Every structure is written in C-alpha cells, then in structure tokens.
Amino acid sequence: MIDLKLLRNKKDYVASRLAARGTEIALDSVISADADRMSATRELEEMRKRMNEESAEIGKLAREGKDISARRRELKTLSDAIKEKESACREIEERFNSLALVLPNLPDESVPAGKSEDENVEIRKWGEPKQFSFEPKSHVEIGENLGILDFKRAAKMSGARFALYRGPGAWLERALISFMLNSHGANGYEEVITPFMVNRQAMTGTGQLPKFEDDLFRLEGLDMFLIPTAEVSVTNIYAGEILSAGELPRRFCAYTPCFRKEAGSYGKIATGLIRQHQFNKVELVKLSRPEDSMAELESLTADAELILQKLELPYRVVELCTGDLGFSAAKTYDLEVWLPSQNRYVEISSCSNFGDFQARRLGIRFRRESGAKPELVHTINGSGLAIGRALVAILENYQNEDGSVEIPKSVRHYMMDSDIIKKP
RNA sequence: GGAGAGGUGGCCGAGUGGUUGAAGGCAGCGGUCUUGAAAACCGCCGUGUGAAAGCACCGGGGGUUCGAAUCCCUCCCUCUCCGCCA
C-alpha cells in the first residue's frame, strides 16, 4: 500500500511515478473513494458523539430514578440511523480497499526509467564465461544422460513443470541448500523454517493478493495458499508488531519450496528446471530502519552474489528499470547467471527494497526510542539463491565433453566429498 | 475427529450492562534522594485516524439494548484430556 497522505497531497507526483512503471490507473477514482471514506467516517463520528453524550445522560437520569422511556424512544431512532451509516461506511471502505490494494509501489527515484526489461541496466559483471572446446549441452540433456534428472517420470504423477531428482542429482540439490544456508548464517542471517501454507491475510500483506491470485495454488476449501516464495512467510513473522530500534535490522534466511502456477507462461521455456510449478529456494529477508534500507539492499545483493562467487559461476547484476519492477518493489537488482547452452545470462535471484509498502500492509513498525511514535520499517528481500537454477548453472558450466559434471569445490564437502558426477 | 477451558494494554491480572481506554502489579522512561548504585518516594507510560475537538479499538465478524470488555450467535486462535498419527 502506498502512503495515502502522499496520494492526497501529491497526487501528480504519485501519478507520474506510477506512470513510470507503465501502470495505467485512474488515480482519481482512488482519491474520490478516499474522500468518500473520510467524509462518511466524519458523519458517522458526529452521530456517535451525540449518541454517547445522550446515552450518558440517560444513564444518569436512570440512576436518579427518573422516567427515561421518552428519551429512550428518541434515541432508538438515532441508534438505528447509526447502524445504517455503519453499514454504508463498511461498503465505502471496501470499495476504497479494492482500489487501493491493487496500486503498485512507487519506484525509487534512483531507478532508471524504462518500459520493459530491454531497458534494464547492467550494473556489473563477475567472472568470464568459459570457452568450451565442444558444443555445450543443456542441463536437461546432461541431467537425463547422467540419470540424475527425470522429467518424464515426474510427469506421470504430476504433469509438466515438475522434476524428479535422482541419486547425485538429489544430493546436489540438498547440498546447495545446506551450502547456501551456512554461507548466509555466517553472514549474520538467522535461519528460519516457516510454514509453507499461509492464509489470505499474509498473502495480501506482502502484495501477492488481491491482484495475483491466479498465480497461486489455493488449498481447496481452506482459503489458504501454498507460498510462491519464502518472502511471504518470513516477512509475516513480525506482522502487527512494534519492534524496538535495537532489534533492527532483522536478517533472516530460509529454505522453502516455492509453488507457482506460472499461468500465462506457456509461451516460455517449458522443459527443464528453469520454470517449475514447485522449486526450492533459499531466501534472504531483512527488516530495517527506513534510512538504512538502501544500504541493506546493497549488502543483501552482495550476500547473494557471494554464493555465485563461491560456486565460481559467471554472472552479472542488472538493475530493473521502472517498467520491469514487480508489484511491491521500489528498487530491484536481478542476478543473472551464465548458461552456456543458451549463450546468455538467466535470472537466478531478484533482490528488492520494498520501502514501507509491505510494512504498511502488514503493520510492521518500530520505535526509535521508548515513548516515540511507531514508524514503519522497510522490508528488503532477495533469493540467495534459487536452488534449481543454481543446479542448472552448475550442470552446464561444469560439464565435460564426456557428459560428466565436475562438482564446484565449495559444495563437495556437502556431497560426501565427491568431486564429479558421471555415468555409473 | 470427540470433550472441556480460555482469549483484556510490552508482560501478569481485575472488571456489577451506564464518567472503564479500561483497577492493581511488573517492566520501561523522567525526577527526588545518593559520591555512585540499589531501595524508597513522586510523575509519565497503548494504537489508529484527525490540524484539533473528537471518534474507534478489550481475538475477528454479526446481533440484543437508549447504552456492550461485560448478554447472545458465529468464526478464528490457544491450552487440557481422549482418539489417531510422523
């Protein structure tokens, strides 16, 4: 949710920032719904004030033993009117919410302007794509040849966009999870294991709802959803709480599976691990003071990059332009890893500062000092990293001509010290 | 799944349908005293909205009533016991 005071007082500014994202929204309807809401509330409060005063008087008269039946009948009319007004207010409130909750966050001033991903800006590159003396194969080919990835059998039980990892493939996936969690733990992130199913309120808080319900798996009859990212359950940890300044920043890392319908992505890569309905991810989440959030985004991005560096995988950092930002994000860096089979960089992490957008929806606040007014925290999160895609990058970048795959030094320890996966 | 108990401010804990936004205690903050600290004493000490007055909030929602933290319904959550189970 964006700041309503900002919307009221600087409508043109808000409109221009939203326009920068390419969001065509009739702000006037939101603003008038907001005005309706305020005036209706005001009227209701006036009525309630009168009600309270007169009720108190009746109470007094009753205690004095006087006859109050006439006053009572009189007040019944007001009481009924208040009830009507209350239900009218509820409707107005709902109309306002339905408009306000679908407004995306405003891009930070520092975000480059642009319409689509074509205008994203490369910030830096790390490592050199390896030159192969043979035609590098795709991870699907490598994995199926080695017998460590089996998409056909996964499809028997679950359909397209699911994977069966086998033997060393499963080990590597598990090794990557442990390796990443340990790396982040050493950098001061508190490891958490969260629920993988959350309620509607939690999803609305981080911004997945109400707008993107089609992308989520909903549990029949429960009004609960499978999380599409650990961001949801981790960010919700402090929902509705007021932290003390000393508790900030809070830094969390979490491994969770992620579930996404990937509706409308049918034109995109359908084979392999790149786009799955269920995938594993280690996520980094921070809560910080407003003035620290940009620095925390930079360091969180660096922490995610460190994983790629330790895996010795070439990557680049791209800053998303205004037109490519996600719904809740104010500023985003994508990490893209080099995939030889595609001869290009592919997204493996997305690190964003959400400003107070999620905190406002979730009611996550902090107090600078005891007695001070609570202020909204800022939330920052990023993948650190997507496990399946990291495995893809390893298979492709570490492949040998004979079809075997070397295991990066930093994960060997997590794979019973084996250094290569080859055909048995 | 069955039976019961309960959800009040940061925490504990009172609360008769009507000056209760809510006693009391603890914690916290400020002060007096002290060389300093402790103790003692005094004061402050919820959130939202609003410029303010005000209004709202005692798990959520609905109802009864002139008036609800207090009565009724419903949902959610927590705890205990039984069953089942990793």
Side-chain angles (χ1 to χ4, degrees), chain A residues 1-10 30-31 33-98 100-101 193-205 209 218-219 221-225 233 236-248 250 257 287 356-377:
Chain A
M1 189 104 108
I2 61 173
D3 183 0
L4 289 179
K5 279 181 190 154
L6 190 69
L7 178 63
R8 282 173 207 146
N9 302 331
K10 302 205 165 156
V30 188
I31 288 170
D34 178 49
D36 288 352
R37 172 169 151 268
M38 294 216 287
S39 69
T41 304
R42 174 169 301 245
E43 286 169 39
L44 177 62
E45 282 180 4
E46 297 286 320
M47 293 165 86
R48 282 213 266 239
K49 184 184 178 187
R50 238 181 78 213
M51 183 84 232
N52 288 345
E53 287 166 355
E54 306 211 12
S55 275
E57 246 178 84
I58 287 193
K60 209 162 87 186
L61 293 175
R63 259 173 282 124
E64 288 165 2
K66 299 198 172 126
D67 177 39
I68 55 172
S69 50
R71 297 291 298 273
R72 237 194 227 181
R73 257 174 278 129
E74 213 177 287
L75 267 195
K76 173 72 175 156
T77 318
L78 179 56
S79 169
D80 288 343
I82 287 178
K83 268 170 202 144
E84 270 179 49
K85 193 80 197 171
E86 279 172 346
S87 81
C89 276
R90 268 196 296 276
E91 270 176 49
I92 290 168
E93 187 81 30
E94 272 168 37
R95 195 166 69 229
F96 168 77
N97 274 335
S98 67
L101 284 174
I193 295 177
T194 68
F196 303 155
M197 290 156 48
V198 301
N199 59 30
R200 182 171 288 275
Q201 197 187 324
M203 282 290 185
T204 306
L209 291 178
R218 175 157 171 239
L219 296 157
L222 274 183
D223 211 32
M224 290 188 88
F225 302 84
S233 38
N236 267 274
I237 290 174
Y238 285 112
E241 297 194 35
I242 301 174
L243 303 167
S244 64
E247 291 177 276
L248 297 176
R250 303 260 63 198
L287 308 181
D356 60 17
F357 187 84
Q358 294 180 324
R360 183 172 292 109
R361 288 171 163 236
L362 285 166
I364 310 177
R365 293 172 297 171
F366 78 105
R367 236 188 276 272
R368 284 189 190 274
E369 50 205 65
S370 82
K373 238 178 99 96
E375 296 173 52
L376 294 167
V377 303

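Note that the coordinates shown come from a computational prediction; the quantities given were computed from them, not determined experimentally. In what follows, chains are A, B, ... by sequence order, proteins preceding strands, each numbered from 1.
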Discussion item. Under 4.0 Å, heavy atoms only, any strand: does Met51(A) hit a base, just the sugar-phosphate, or nothing?
Written reply: sugar-phosphate
Fill in: Watson-Crick/G-U partner (both atom distances under 3.5 Å) of G67(B)
none
Item to complete: Could you tell me the separation between the CD1 atom of Ile82(A) and the P atom of C66(B), rounded to a whole number of Å?
Response: 13 Å
Worksheet, complete the sentence: When rounded to whole Å, the CD to P distance for the pair Glu43(A) and G50(B) reads 17 Å
Discussion item. Using OP1 and OP2 only, check whether a side-chain N or O of Ser79(A) sits under 4.0 Å from G67(B).
Written reply: yes
Fill in: Whole-Å C1' distance, A68(B) and C57(B)
14 Å
Worksheet item: Can you find a side chain N or O atom of Arg365(A) that sits less than 4.0 Å from OP1 or OP2 on G46(B)?
Response: no
Worksheet item: Are any of Lys5(A)'s side-chain N or O atoms less than 4.0 Å away from OP1 or OP2 of G50(B)?
Response: yes
Worksheet item: Does G67(B) have OP1 or OP2 sitting under 4.0 Å from an N or O in the side chain of Asn52(A)?
Response: no
Worksheet item: U64(B) and G17(B): how far apart are their C1' atoms, nearest whole angstrom?
Response: 12 Å
Fill in: Distance in angstrom units between Asn199(A) CG and C76(B) C1', rounded
10 Å
Worksheet item: Under a 3.5 Å cut-off for both distances, is C11(B) Watson-Crick or wobble paired, and to whom?
Response: G25(B)
Worksheet item: Where the side chain of Asn236(A) meets the backbone of Ala202(A), is there a donor-acceptor pair that is under 3.5 Å apart?
Response: yes
Practice prompt. Could you work out the separation of C77(B) and G60(B) based on their C1' atoms and round it to a whole Å?
Written response: 10 Å
Worksheet item: Nearest-Å distance, CD (Glu74(A)) to P (U65(B))?
Response: 18 Å
Worksheet item: Any side-chain N or O of Arg90(A) less than 4.0 Å from the OP1 or OP2 oxygen of G62(B)?
Response: yes
Practice prompt. Give one of base, sugar-phosphate or nothing for Arg360(A), where a contact means two heavy atoms less than 4.0 Å apart.
Written response: nothing
Worksheet entry | Ser244(A)-Glu247(A) side chain donor-acceptor pair, cut-off 3.5 Å | yes
Item to complete: May I ask which nucleotide in the shown strands pairs with A51(B), Watson-Crick or G-U wobble, both distances under 3.5 Å?
Response: none
Worksheet item: Quantified in whole Å, what is the P atom distance between nucleotide G9(B) and nucleotide G48(B)?
Response: 16 Å
Worksheet item: Toward the 5' end of RNA chain B, which comes first, Arg367(A) or Arg73(A), by nearest nucleotide?
Response: Arg367(A)
Fill in: Under 3.5 Å on both distances, the Watson-Crick or G-U partner of G4(B)
C79(B)
Discussion item. Can you check the distance between G67(B) and U20(B), where both ends of the measurement are the C1' atom (answer in whole Å)?
Written reply: 14 Å
Item to complete: Under a 3.5 Å limit for both distances, which nucleotide forms a Watson-Crick or G-U wobble pair with A38(B), could you say?
Response: none
Worksheet item: What's the CD-P distance between Glu86(A) and C55(B), to the nearest Å?
Response: 14 Å
Fill in: d(CZ, Arg71(A); P, G18(B)) in whole Å
19 Å
Item to complete: Would you indicate whether Arg50(A), at its atom CZ, is surrounded by more than 12 heavy atoms from other residues, nucleotides or ligands within a distance under 6.0 Å?
Response: no
Worksheet item: Which heavy atom of Met197(A) sits nearest a heavy atom of Leu219(A), and at what distance?
Response: CE-CD1, 3.4 Å
Worksheet item: With both distances under 3.5 Å as the test, what is the Watson-Crick or G-U wobble partner of G17(B)?
Response: none
Worksheet item: In whole Å, what is the span from the CZ atom of Arg200(A) to the P atom of C75(B)?
Response: 19 Å
Worksheet entry | Residue whose nearest RNA chain B nucleotide is more 5′ - Lys60(A) or Arg48(A) | Lys60(A)
Item to complete: Return the value, rounded to whole Å, for the distance between atom CE of Met38(A) and atom P of G50(B).
Response: 7 Å
Fill in: Heavy-atom check, side chain of Arg37(A) versus side chain of Leu4(A), under 4.5 Å
yes
Worksheet entry | Check: Ser79(A) side chain, Leu75(A) main-chain N or O, donor-acceptor pair, under 3.5 Å | no
Worksheet item: Taking the same atom, P, in U34(B) and in G28(B), what whole-Å distance lies between them?
Response: 23 Å
Discussion item. Please report the distance separating the P of G7(B) from the corresponding atom of U16(B), rounded so that it comes out in whole Å.
Written reply: 13 Å
Discussion item. For the C1' atoms, the ones on G2(B) and on G13(B), what distance do you get once it is rounded to whole angstrom?
Written reply: 33 Å
Practice prompt. Might you confirm whether atom CD of Glu84(A) has over 12 heavy atoms from other residues, nucleotides or ligands at distances under 6.0 Å?
Written response: no
